[in-house]
Amino acid sequence: MSSPLQFNATDAATAAASSPPALVASHVQSSSGSEGDPHSVVDDRKRKRMISNRESARRSRMRKQQHLDELLGQVTLLQTENNQMVSRIDAAAQQYQGIDGENAVLRAQVNELTERLQYLNSVLHFLEDFSGMAMDIPEIPDPLLKPWQLPCPPQPIFASADMLQY
């Protein structure tokens, strides 16, 4: 048979599991009966420690959930930034391919015009030799040997800030 004191301690532990700490503490003080019973003091300490541990675990779960929510927010933000960067890289790659194609066309045009000029210069040399008249025929630099000496004067390149933004 159990004593009323043990019943009250068990009852207080049950109340502690389902009640807020302030209500449990008032219930414990009113049901502790005699302060001199060492078994009762040990039960009170265990119960208080159990309540404290439950509260600590609840706070820990809340902190963990908050941290998880923050990390999920960061993941979403980083995925958005990553998608934007991928889009910028794709746009830059397309722009590079377009410019590279234009450069290939321009190189082919330079080679064709250089060949035409060389042909016309050879005709002028032939006429100079045949007629005996002195002609001023400029020397055409080879773009492969001296790429910095272009056969045409340099043209200014106009650029806007919009060209460099992705």
Side-chain angles (χ1 to χ4, degrees), residues 1-114 141-166:
M1 185 163 142
S2 65
S3 69
L5 182 62
Q6 290 174 341
F7 178 75
N8 286 339
T10 306
D11 189 30
T14 305
S18 63
S19 302
L23 293 176
V24 174
S26 65
H27 188 278
V28 170
Q29 290 175 354
S30 64
S31 66
S32 62
S34 65
E35 297 279 332
D37 187 13
H39 194 39
S40 171
V41 172
V42 170
D43 286 344
D44 282 346
R45 287 182 189 160
K46 284 183 182 179
R47 188 173 49 254
K48 288 179 182 177
R49 186 168 49 244
M50 186 174 62
I51 292 168
S52 174
N53 287 346
R54 284 182 183 164
E55 281 298 311
S56 176
R58 184 184 64 80
R59 288 189 306 269
S60 176
R61 285 190 301 272
M62 287 176 57
R63 281 192 307 269
K64 183 178 179 182
Q65 184 63 41
Q66 184 180 11
H67 184 64
L68 182 63
D69 292 343
E70 289 173 4
L71 289 176
L72 289 174
Q74 287 180 354
V75 165
T76 303
L77 179 68
L78 291 174
Q79 285 175 339
T80 302
E81 289 178 8
N82 190 25
N83 290 338
Q84 290 174 351
M85 287 183 188
V86 166
S87 298
R88 290 177 188 165
I89 289 171
D90 289 343
Q94 288 177 352
Q95 190 176 19
Y96 169 78
Q97 288 175 347
I99 291 172
D100 191 43
E102 289 175 17
N103 280 344
V105 168
L106 291 174
R107 278 190 217 102
Q109 288 176 349
V110 164
N111 288 337
E112 181 183 343
L113 292 174
T114 303
D142 188 1
L144 295 177
L145 297 177
K146 298 179 183 177
W148 57 90
Q149 291 182 349
L150 299 175
C152 57
Q155 301 279 329
I157 299 174
F158 298 102
S160 68
D162 294 336
M163 289 178 60
L164 302 176
Q165 293 180 352
Y166 298 94

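- Side chain of Thr114 to backbone of Val110: a donor-acceptor contact under 3.5 angstrom is found.
- Expressed to the nearest 0.5 Å, how far NE2 of His39 lies from CG of Asp44 amounts to 11.0 Å.
- Under the side chain to side chain contact (heavy atoms under 4.5 Å, CB included) rule, Arg61 has a single partner from Arg58, Arg63, Gln65, which is Arg58.
- If you take CD on Gln79 and CD on Gln74, they are separated by 12.0 Å, rounding to the nearest 0.5 Å.
- One N or O on the side chain of Thr80 and one on the backbone of Thr76 form a donor-acceptor pair closer than 3.5 Å.
- Expressed to the nearest 0.5 Å, how far OG of Ser60 lies from CE of Met62 amounts to 11.0 Å.
- Separation of atoms OG (Ser87) and CG (Asn82) is listed at 9.5 Å; rounding is to 0.5 Å.
- Atom CE of Met50 sits about 9.0 Å away from atom CG of Asn53, to the nearest 0.5 Å.
- Arg49 CZ to Arg45 CZ: the interatomic distance, rounded to the nearest 0.5 Å, is 9.0 Å.
- Looking at Ile51 and Lys48, their side chains never come closer than 4.5 Å, going by heavy atoms from C-beta outward.
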